[in-house]
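Here's the structure we're looking at; comments come further down.
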Amino acid sequence: MRVCMIGTGYVGLVTGACLAEQGNHVWCVVIDEDKISRLNAGIVPIYEPGLEDIIKRNVSQGRLKFTTDTKEAVKNSFFVFIAVGTPPDGNGNADLKYVLQAAQNIGACMEGYKIIAIKSTVPVGTSYKIKTIITEELTKRGRTDIDFDVAFCPEFLKEGSAVDDFLSPDRIVIGTENDRTSAFLRELFSPYVQREPRILTVSISSAELIKYAANAMQPTRISFMNELANFCETVGADIEEVRRGIGTDKRIGPAFLYAGVGYGGSCFPKDVKALIRSAKEKGKDLSILQAVESVQAFSATLARRIEAEDTIVVNLRYRSGALGSINVTTLTYPKNLEGSITILGEKGTVKIGGIALNRIDTWEFDQPHPMDKEVEQANTNPTSVYGFGHLDFYSHVIEALKGNINGVVEGREGRKTVEIIQAAYQSALSGGQVKPCAMPR
């Protein structure tokens, strides 16, 4: 069989190498030419027991090739696998840009019938999006005569045993639309299983969900045990004894029943989050998985020593009745964070930001003022000092010391800051409200 593997990360590299090991001719598409040189020399970017030897052997025997030319790889292949990353975006959704770009590239260079098999972990319905994109690319080229099929073949590889997992899988899941595609993929994967029932043929949507469900079930067990562990501390039970007691039940089994700092790795956290988000987009709340994620957040926090020195939070009530707050941390790890002062008024808003609290981010009022222009020009950023606006400030101080101008802020105003800080400490000690008192002048 001739195979193209688009994506040579963890999944793509292991899959491509193991397919070549079985006698298939595999072209792996790599973006970085330096990476190709390293791979051809047997330098593998990840460590998996046995993987380096497999790559060296199949490269030397001509069954495994690495190329930057997608067109060459697709042209010489019958199966085209998409195994690119689907990292989480800012909202926790699976970012599909690499998958969809791969589909466009395939559609732009196909010249004959192909089976497009997706191995990337994607939300339900993505395979059909890929099919639509490839069809659109073929239409642009005027090649609607080219036939192809789409399938979803999830991977179940564990870090540290990925080669063994591929060569001796628990099961192989093939999501297809028709018997023709199923038959071809069964022929490709049959050498890796000794018993036919271990190849499961399902619908594409079911196959997509099987992958997410598998990666969500294990974190569910882990979070369940972590929650039980917390309860054990309350009632005096031993979580290890509980684990052994339920793990010997054949209906449950011992896997993923260890309490600890929660689940990690490159897949579990992002896939749980992506499944929750995917369901929300369809109007469904996966409440159990939301609870799993909540327990995970708490458990993971227990493993961290989180501390901040000289931290204070002050709630203020002004004479007018308005409320305000001050949050200050003078030292945070690994570095100090940007500070800000924000004043939200009835007729204007001011925000002072920057690491040194001297950059004006917002200065907006309902009425213009002669000072506005001066403020706009105050944000200078000299390379020799810390922060912004120092040159104007130093010039102003010098002129004030010379008696040429009045200072914007006099010493008595600065003392009020000290009074607030003193009142904050007094409130922390007494546990009650404190009215700032003027310090002796």
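Every heavy atom of this structure was used, including side-chain atoms; hydrogens, water molecules and symmetry mates were not.
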I'd like to know if the side chain of Thr135 and the backbone of Lys131 have a donor-acceptor N/O pair within less than 3.5 Å.
yes

Could you tell me whether Phe156 atom CZ has more than 12 heavy atoms of other residues or ligands within 6.0 Å of it?
yes

So which atom in Gly247 and which in Leu257 form the shortest heavy-atom distance, rounded to 0.1 Å?
CA-CD1, 3.8 Å

What's the verdict on side-chain contact (heavy atoms from CB on, under 4.5 Å) for Tyr263 and Gln296, showing C-alpha distance, side-chain angles and the deciding distance?
CA-CA 7 Å; Tyr263 52 86; Gln296 161 68 6; 3.4 Å; yes

salt_bridge(Arg243, Glu240) N-O dist < 4.0 Å:
yes

Decide side-chain contact (heavy atoms from CB on, under 4.5 Å) for Val122 and Phe152; before the verdict, give the C-alpha distance in whole Å, the side-chain angles of both, and the deciding distance to 0.1 Å.
CA-CA 10 Å; Val122 296; Phe152 184 79; 3.7 Å; yes

Ser299 side chain to Gly262 main-chain N or O, any donor-acceptor pair under 3.5 Å?
no

Would you call the rings of Phe78 and Tyr113 parallel, tilted or perpendicular, taking 30° and 60° as the class edges?
tilted

Quick check: does any side chain N or O of Asn226 sit under 3.5 Å from a backbone N or O of Gly260, one acting as donor and the other as acceptor?
yes

Could you report the tightest heavy-atom contact between Pro154 and Lys211, atom names first, then the distance?
CB-CB, 3.7 Å

Look up atom CD1 in Ile116 and atom SG in Cys4, then write down how far apart they are to the nearest 0.5 Å.
8.5 Å

Taking everything shown except Lys35 itself, do over 12 heavy atoms lie less than 6.0 Å from its NZ?
yes

I'd like to know if the side chain of Asn58 and the backbone of Leu64 have a donor-acceptor N/O pair within less than 3.5 Å.
no

For residues Gln22 and Phe166, determine if any side-chain heavy atom of one lies less than 4.5 Å from a side-chain heavy atom of the other.
no

Distance-only, no hydrogens or angles: does the Ser120 side chain make a donor-acceptor pair with backbone N or O of Val84 under 3.5 Å?
yes

Just wondering, are more than 12 heavy atoms of other shown residues or ligands nearer than 6.0 Å to CD1 in Ile326?
yes

For Ile210 and Leu200, run side-chain contact (heavy atoms from CB on, under 4.5 Å): C-alpha distance rounded to whole Å, both residues' side-chain angles, the deciding distance at 0.1 Å, then the answer.
CA-CA 11 Å; Ile210 284 171; Leu200 308 177; 5.8 Å; no

Within a reach of under 6.0 Å around CZ of Arg180, are more than 12 heavy atoms found that belong to other residues, nucleotides or ligands?
yes

What I want to check is whether the side chains of Asp164 and Ser161 have a donor and an acceptor closer together than 3.5 Å.
no

Are the side chains of Leu323 and Asn315 in touch, meaning some heavy atoms are under 4.5 Å apart?
no

Of all the heavy-atom pairs spanning Cys28 and Gly16, show the shortest one and how long it is.
SG-CA, 4.4 Å

Quick one: does Asn93's side chain get under 4.5 Å of Glu281's, heavy atoms only?
yes

Here the pair of heavy atoms bringing Gly245 nearest to Thr248 is O-OG1, 3.4 Å

Taken to the nearest 0.5 Å, the spacing of Leu185 CG from Cys153 SG works out to 4.5 Å

Is atom CZ of Phe224 surrounded by more than 12 heavy atoms (other residues, nucleotides or ligands) closer than 6.0 Å?
no

Can you find a pair of side-chain heavy atoms, one from Phe66 and one from Val59, that are under 4.5 Å apart?
yes

Hey, does Val74 have a side-chain heavy atom less than 4.5 Å from the side chain of Trp27?
no

Quick check: does any side chain N or O of Glu227 sit under 3.5 Å from a backbone N or O of Val295, one acting as donor and the other as acceptor?
no

Could you tell me if Glu155 and Thr15 have a donor-acceptor pair between their side chains, going purely by distance under 3.5 Å?
no

Close side-chain approach of Ile246 to Met225, heavy-atom, < 4.5 Å
yes

Sidechain-backbone polar pair: Ser427 side chain, Gly432 backbone, donor-acceptor under 3.5 Å:
yes

About how many Å separate CG of Leu100 and CD1 of Ile134, when rounded to the nearest 0.5 Å?
10.5 Å

Audit row: Tyr425, Ile421, side-chain contact (heavy atoms from CB on, under 4.5 Å) steps and yes/no:
CA-CA 7 Å; Tyr425 281 109; Ile421 294 173; 3.7 Å; yes

Gap separating the CZ atom of Arg186 from the CD1 atom of Ile172, nearest 0.5 angstrom
9.5 Å

Shortest non-hydrogen contact from Val150 to Ile118?
CG1-CD1, 3.6 Å

Between atom CD1 of Ile352 and atom CD1 of Ile343, what is the distance when rounded to the nearest 0.5 Å?
7.5 Å

In terms of ring plane angle, is the pair Phe189 and Phe81 parallel, tilted or perpendicular, where the classes change at 30° and 60°?
perpendicular

Check: Arg57 main-chain N/O paired with Ser60 side-chain donor or acceptor under 3.5 Å
yes

Min side-chain heavy-atom separation Ser340-Lys351 under 4.5 Å
yes

Does a side-chain heavy-atom distance below 4.5 Å link Met5 with Leu19?
yes

I need the minimum non-hydrogen distance between Tyr192 and Cys18, along with the two atoms involved.
OH-O, 2.9 Å

Salt-bridge present (Glu419, Arg415; N to O < 4.0 Å):
no

Over 12 foreign heavy atoms within 6.0 Å of CD, Gln290:
yes

Determine whether a donor-acceptor pair (N or O, by modelled atom type, separation under 3.5 Å) exists between the side chain of Thr8 and the backbone of Val30.
no

Step through the shown structure and confirm whether more than 12 heavy atoms of other residues, nucleotides or ligands are within 6.0 Å of CG on Asp179.
no

Atom pair CG/CE of Leu289 and Met217 - distance to nearest 0.5 Å:
9.0 Å

Short question: side chain of Ser77, backbone of Ala73 - any donor-acceptor pair under 3.5 Å?
yes

Would you mind checking if Arg277 and Asp89 are paired as a salt bridge, meaning a charged N to carboxylate O distance below 4.0 Å?
no

Taking NZ in Lys119 as the centre, count heavy atoms belonging to other residues, nucleotides or ligands within less than 6.0 Å. Is the count above 12?
yes

